[in-house]
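Because only heavy atoms are used, hydrogens play no part in the values below, and waters and symmetry mates are left out as well, while side chains stay in.
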Amino acid sequence: MELFTPDSGLVIWMFIAFAVLFLALAFFAWPIIIKSLSKRADLIDKGVEFAQNAKEQLDNARAEAQKYISEAQKQQAEILRDAARMKTEIIEEARREASEEAKKVMDAAKLSIEQSRKEAELQFRNEVSKFSIDIAEKMVRKQMSSDSAQSELVNKLLDEIEKN
């Protein structure tokens, strides 16, 4: 049972060793450990503070980004409205120009048709007058075969000239 009941001298030497160790630790190790712990606590506090600042900055950045996104969406909608309006204007202008061009083409076609009709009418009159002259010439030759008929026609024409 000697193992469980230490001798009084051993207890005193153990107590002295413990006191020396305790004093050495109290003067040398405890200040360093406490200083390290306080540095660590300060570092953790700063880290928490930096994290809170970072969170605030992130929240601000998110709000600002959302503001920019909404502004960009408004600008996009405005650009799309402008593009749609410009598209409509361009289409209307193209229609108007096409209508004007079609009117010009129609007017040119009408003018060309009118000129062609006049030319055909003139050609028809020329041919009719040529046929009339040919017919009249043949009739006059037939009727003017005698000298008496010729002098009678000349006298008749001279009488008409005198009356006018």
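- At least one side-chain heavy atom of K35 sits under 4.5 Å from a side-chain heavy atom of K39.
- The side chain to side chain donor-acceptor pair (under 3.5 Å) search around E71 returns none, not counting sequence neighbours.
- In terms of hydrophobic clustering, with Ile, Leu, Val, Met, Phe, Trp and Tyr side chains grouped at heavy-atom distances under 4.5 Å, V20 and F15 are assigned to different clusters.
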Does M106 form a side chain to side chain contact (heavy atoms under 4.5 Å, CB included) with K103? I'd like the steps, not just the answer. CA-CA 5 Å; M106 291 295 289; K103 185 177 179 182; 5.6 Å; no

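- Not counting sequence neighbours, E64 has no partner by the salt bridge (Lys or Arg N to Asp or Glu O under 4.0 Å) test.
- Side-chain contact between K55 and D59 is present, with at least one heavy-atom pair separated by less than 4.5 Å.
- Electrostatic pairing of K46 and E49 does not count as a salt bridge here, judged by no charged N lying under 4.0 Å from a carboxylate O.
- Residues satisfying the salt bridge (Lys or Arg N to Asp or Glu O under 4.0 Å) test with E89, not counting sequence neighbours, are R85.
- In terms of heavy atoms, P31 sits closest to A26 at CD-O, 3.3 Å.
- Annotation: side chain of D159 is in contact with side chain of E162 (closest heavy-atom distance under 4.5 Å).
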Salt bridge (charged side-chain N to carboxylate O under 4.0 Å, His left out) between E160 and K156, worked out: CA-CA 6 Å; E160 284 179 15; K156 185 177 178 182; 5.2 Å; no

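- Atom CZ of R117 has more than 12 neighbouring heavy atoms from other residues, nucleotides or ligands inside a 6.0 Å radius.
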